[in-house]
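Worksheet for the structure shown next.
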Amino acid sequence: MSERIVIAFGGNIMLRSGEDGSVEKQLEHVEEICEFIVAVIRERYSVVVTHGNGPQVGEIMLKDEIAKKRFPPMPMDICGAESQGMIGYMIQRYTVNQLKLEKQSYSMNFPVITVVTQTLVDACDPAFRHPTKPIGPYYTAQQARQLEKEKSWQMVRQQAGYRRLVPSPAPIDLVESLAIRTLFAEGWIIIAAGGGGVPVVERSDGTLHGVEGVVDKDNTAALLGNIVDAETLLILTGVDRVALNYDEPDEKKLDSMTVEEAKRYLGEGHFPEGSMGPKVAAAVKFIEGGGRRAIITSLGHGLVALKGEAGTTIVQ
Ligand code: ADP
Ligand code: MG
């Protein structure tokens, strides 16, 4: 039986800041990502892919904002599902194409599928009372005040303007976990829980309802890893290694850390909330949930990191 791996790509790998977001540019990055996925398959791993969607869902919401006089804007959960389908489709097509171009014996009809995923969250999660995640377009101070009044949105001031703050509840389970596990056992390459999955709550009658919020994609990646019983969680982001005293003169890059060390460093504030913190926390959660190792590195170092020769590896 081959080793099971969950690969989590940052949303910024596909749509990078400073780029125009043209389809050509995005597909160039998708191709890089899919070359990587196929390289990992070649190493005989069974692969589940997940990804961020911050820049993409931000763009969908911005388009809605601009077009709102003509078309009613969609709620966040539907925008999130749209981004999962869009990104999933691109990864699906390029991964299959890559496999076909290699003319590997296993490449014909190689099954790749996107599962648009709902992530169950608790309606009583304290995160709903304290929104922390800035999303969507930037507004002027006047627009921000109006939105606070009209829609009861919570707004936050950032460098480029005001943005909406939404809750970031913890993922409890994936609604499609049985489908994901079944397909994975059958040998499918699965793309799931993009953007952390669409957050849904369950009412007392058992029905599911989308909520306005964002589940952290690294947190969901750890859950996804435990659901498919993966040995490895590979988190690909903007740096080769996790560092202590990041960006300071005494910065120290880490080859490895134990779960206990990771928790201590988290407590000491080495890894900020909105960026590296959730990744290290996800690594800890994945291993405590039964995973063997988590690796945090960049796309370019991913393959070498799997051999233990790059990146930061977190183990028990
Ligand atoms: P992603 O889109 O992959 O989720 P984020 O920007 O959210 O990426 O988080 C990764 C970034 O966190 C890195 O690219 C780096 O700039 C930053 N970072 C913050 N603290 C650290 C740290 N201690 N070690 C390494 N990188 C860090
Ligand atoms: Mg992030």
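Whatever order the structure lists ligands and atoms in, that order sets their numbers, starting from 1. By convention here, the first residue in the shown sequence is residue 1.
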Asp20/Lys25 ion pair, N-O < 4.0 Å: no
Flag, side chain of [X] to backbone of [Y], donor-acceptor distance under 3.5 Å:
| X | Y | answer |
| --- | --- | --- |
| Arg163 | Gly136 | yes |
| Glu251 | Asp247 | yes |
| Thr50 | Ala192 | yes |
| Gln84 | Thr117 | yes |
| Asn226 | Phe286 | yes |
| Asp240 | Thr297 | no |
| Thr312 | Leu254 | yes |
| Asp77 | Val211 | no |
| Gln26 | Val23 | no |

Would [X] count as being in polar contact with ligand 1, using the rule that some N or O on each side must be under 3.5 angstrom apart?
| X | result |
| --- | --- |
| His270 | yes |
| Ala243 | yes |
| Tyr246 | yes |

Ligand-residue contact atoms, ligand 1 with [X], heavy atoms, under 4.0 Å:
| X | result |
| --- | --- |
| Phe271 | 23 (N) |
| Met276 | 12 (O), 18 (N), 19 (C), 20 (N), 21 (C), 22 (C), 25 (C), 26 (N), 27 (C) |
| Gly238 | 14 (O) |
| Gly274 | 7 (O) |

Which protein non-hydrogen atom lies closest to [atom], naming both residue and atom, and how far is it?
| atom | result |
| --- | --- |
| atom 2 (O) of ligand 1 | Asn12 ND2, 2.7 Å |
| atom 8 (O) of ligand 1 | Thr237 OG1, 3.1 Å |
| atom 11 (C) of ligand 1 | Ser275 CB, 4.0 Å |

Test of understanding: given a 4.0 Å heavy-atom threshold, classify the contact between Lys217 and ligand 1 as side chain, backbone, both, or neither. side chain
Between Lys279 and ligand 1, find which residue part has any heavy-atom pair under 4.0 Å and reply side chain, backbone, both or neither. side chain
Please confirm whether Arg241 comes under 4.0 Å of ligand 1, counting heavy atoms of the residue only. yes
Pick, from Leu236, Val242, Val239, the option with the minimum heavy-atom distance to atom 13 (C) of ligand 1. Val239
Please state which option from Ala8, Pro55, Pro272 has its nearest heavy atom closest to atom 20 (N) of ligand 1. Pro272
